[in-house]
Structure formats: C-alpha cells, structure tokens
Amino acid sequence: MLSSIASNALRLSAVVGSGAVRPASFRAAFFSSGSHDDFAPKRKVVEGADEALKMIQEHVDTNPIMLYMKGNPTVPMCGFSSQVVNVLKLEGVDFSSVNVLDYPDIREGVKKFSDWPTIPQLYVNGEFIGGCDIVLQMHESGELAELFKELREEEE
C-alpha cells in the first residue's frame, strides 16, 4: 500500500503527464505564496570588505548574543552550526544570527574580524567566544550558563 504522499505524487504526475495541467501553471498554482513582493524578505546588499567589517561591528555591538552561522536557526546548513544552535536553545537564550551563505563578504569578513578561520562564530556582549568546539566545551563545563546568567543580570 502506498503512503498518501506517494499516492498523491502518482496522481499528480498522471494529471501533469496527460497534458490536462501544464507544468508551469501547476507550479504557479501550488507553489506560489500568492504574496505581494512588498512582503518578500529583503536582504541588505553588502559590497566589499570594509562595509562587511563595519556591519559585523554593528551586529556585535547591538546584539547581546550574535551567531554567524551557515543557514539559519530553523534550518542550519552545517552540522557545526546546528550544534551551536542546539546549545543556545538548551541554554534558553534568545540570539541573533546571520546566514553567512547569503553574504560572501560577511562570510570572509567575520573570519578577519575575529581572527578565527571557521564558522560558526559566537559573540556575547561584543566579545568573541569561539566556534563550535569551544561553545560545546563551555556548555558542558557550565561556563556558558554562567556567562548567560551574567548577561541576564546586566540586562535587568
């Protein structure tokens, strides 16, 4: 017995293959958000290393917990980024993030900014904490929890 997903896929391929529905109209009808372009996500264009470094400094200064990662917290695109996101969730903190895959200049700039060659990179209160291994070690030792406790106390 086929799953409902497989059954629907077979049914749709038969309809599309028969010419009853043209593929372009099928995609437009079923895969379009129907939303106006004004509501689409907008990405800032970052041009050049200087602008990237300036933007990174602004991010780190204005966000108490800042993570530069591959992907986003909902859909990390690398195992190391995923591990750091999981640790931050376990610690129960809100954090900001930038998907460096969307911004090549920031991807390279953050490595220069921290003098650290890998991503993800975590910053707390403007201070570079480290990458995945360091964040995991700090979490396991309780040092990260203590850092976030101090941060919460400063915010109150």
Side-chain angles (χ1 to χ4, degrees), residues 1-10 12-13 27 30-156:
M1 182 161 172
L2 291 173
S3 71
S4 63
I5 294 172
S7 297
N8 287 337
L10 283 174
L12 289 174
S13 67
R27 283 191 304 273
F30 292 100
F31 297 109
S32 172
S33 69
S35 182
H36 191 275
D37 287 345
D38 287 347
F39 300 105
K42 299 200 180 1
R43 297 180 192 226
K44 181 157 175 53
V45 176
V46 180
E47 295 180 10
D50 290 340
E51 185 178 347
L53 290 171
K54 181 179 174 185
M55 184 176 285
I56 292 164
Q57 185 68 59
E58 183 180 318
H59 290 161
V60 169
D61 289 344
T62 58
N63 297 288
I65 303 172
M66 185 72 212
L67 177 64
Y68 290 91
M69 63 180 292
K70 293 178 182 174
N72 63 58
T74 307
V75 185
M77 300 298 286
C78 124
F80 299 114
S81 293
S82 179
Q83 289 181 56
V84 173
V85 167
N86 287 337
V87 164
L88 294 174
K89 287 179 179 179
L90 286 170
E91 293 287 349
V93 295
D94 291 329
F95 61 96
S96 301
S97 67
V98 170
N99 178 359
V100 298
L101 299 176
D102 287 340
Y103 303 97
D105 287 328
I106 288 182
R107 182 179 186 169
E108 292 309 311
V110 75
K111 295 174 186 178
K112 292 176 185 167
F113 186 83
S114 63
D115 198 25
W116 191 260
T118 59
I119 293 167
Q121 293 188 11
L122 180 65
Y123 294 80
V124 176
N125 261 355
E127 181 182 340
F128 176 60
I129 300 303
C132 182
D133 291 343
I134 293 171
V135 170
L136 290 175
Q137 289 171 358
M138 289 178 71
H139 172 67
E140 290 169 0
S141 73
E143 191 177 352
L144 198 57
E146 187 61 35
L147 181 64
F148 292 142
K149 181 181 175 188
E150 291 171 13
L151 181 64
R152 286 185 195 106
E153 290 171 356
E154 287 175 16
E155 290 177 348
E156 292 176 356

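Owing to the predicted nature of the structure, the values given are computational and were not obtained by experimental measurement.
- Contacts of Glu108 classified as salt bridge (charged side-chain N to carboxylate O under 4.0 Å, His left out), with partners at least two apart in sequence or in another chain: Lys111.
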Practice item. Might you work through the side chain to side chain contact (heavy atoms under 4.5 Å, CB included) test for Leu122 and Phe95, ending with a clear yes or no? Key: CA-CA 10 Å; Leu122 180 65; Phe95 61 96; 5.8 Å; no
What donor-acceptor contacts under 3.5 angstrom involve side-chain atoms of residues 77-84, with partners at least two apart or in another chain?
{"from": "Ser81", "atom 1": "OG", "to": "Lys70", "atom 2": "N", "distance (Å)": "3.0"}

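- Around atom CD of Glu153, more than 12 heavy atoms belonging to other residues, nucleotides or ligands sit under 6.0 Å away.
- By the 4.5 Å heavy-atom criterion applied to side chains, Arg152 and Val93 are counted as neighbours.
- The CD1 atom of Ile119 lies 13.0 Å from the SG atom of Cys132; values are rounded to the nearest 0.5 Å.
- The shortest non-hydrogen separation linking Asn72 to Val75 is OD1-N, 2.8 Å.
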Return all side-chain donor-acceptor pairs below 3.5 angstrom for residues 60-69, not counting sequence neighbours, or 'none' if the list is empty.
{"from": "Asp61", "atom 1": "OD1", "to": "Gln57", "atom 2": "NE2", "distance (Å)": "2.9"}
{"from": "Asp61", "atom 1": "OD2", "to": "Gln57", "atom 2": "NE2", "distance (Å)": "3.2"}
{"from": "Thr62", "atom 1": "OG1", "to": "Glu58", "atom 2": "O", "distance (Å)": "2.7"}
{"from": "Asn63", "atom 1": "OD1", "to": "Ser96", "atom 2": "OG", "distance (Å)": "2.9"}
{"from": "Asn63", "atom 1": "ND2", "to": "His59", "atom 2": "O", "distance (Å)": "2.9"}
{"from": "Tyr68", "atom 1": "OH", "to": "His59", "atom 2": "ND1", "distance (Å)": "2.8"}

Check: residues 139-149 side-chain donor-acceptor pairs under 3.5 Å, at least two apart:
{"from": "His139", "atom 1": "ND1", "to": "Glu91", "atom 2": "OE2", "distance (Å)": "2.6"}
{"from": "Ser141", "atom 1": "OG", "to": "Gln137", "atom 2": "O", "distance (Å)": "3.3"}
{"from": "Ser141", "atom 1": "OG", "to": "Met138", "atom 2": "O", "distance (Å)": "3.2"}
{"from": "Ser141", "atom 1": "OG", "to": "Glu143", "atom 2": "N", "distance (Å)": "3.3"}

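- Evaluation of the side chain to side chain donor-acceptor pair (under 3.5 Å) rule for Glu154 yields Asn125 as partners, not counting sequence neighbours.
- With sequence neighbours left out, Phe128 forms a ring pair (Phe, Tyr, Trp, His ring centres under 6.0 Å) with Trp116, Tyr123.
- For Asp133, there are no side chain to side chain donor-acceptor pair (under 3.5 Å) partners, not counting sequence neighbours.
- Partners of Ser114 according to the side chain to side chain donor-acceptor pair (under 3.5 Å) rule, which considers only residues two or more places apart in sequence or in another chain, are Gln121.
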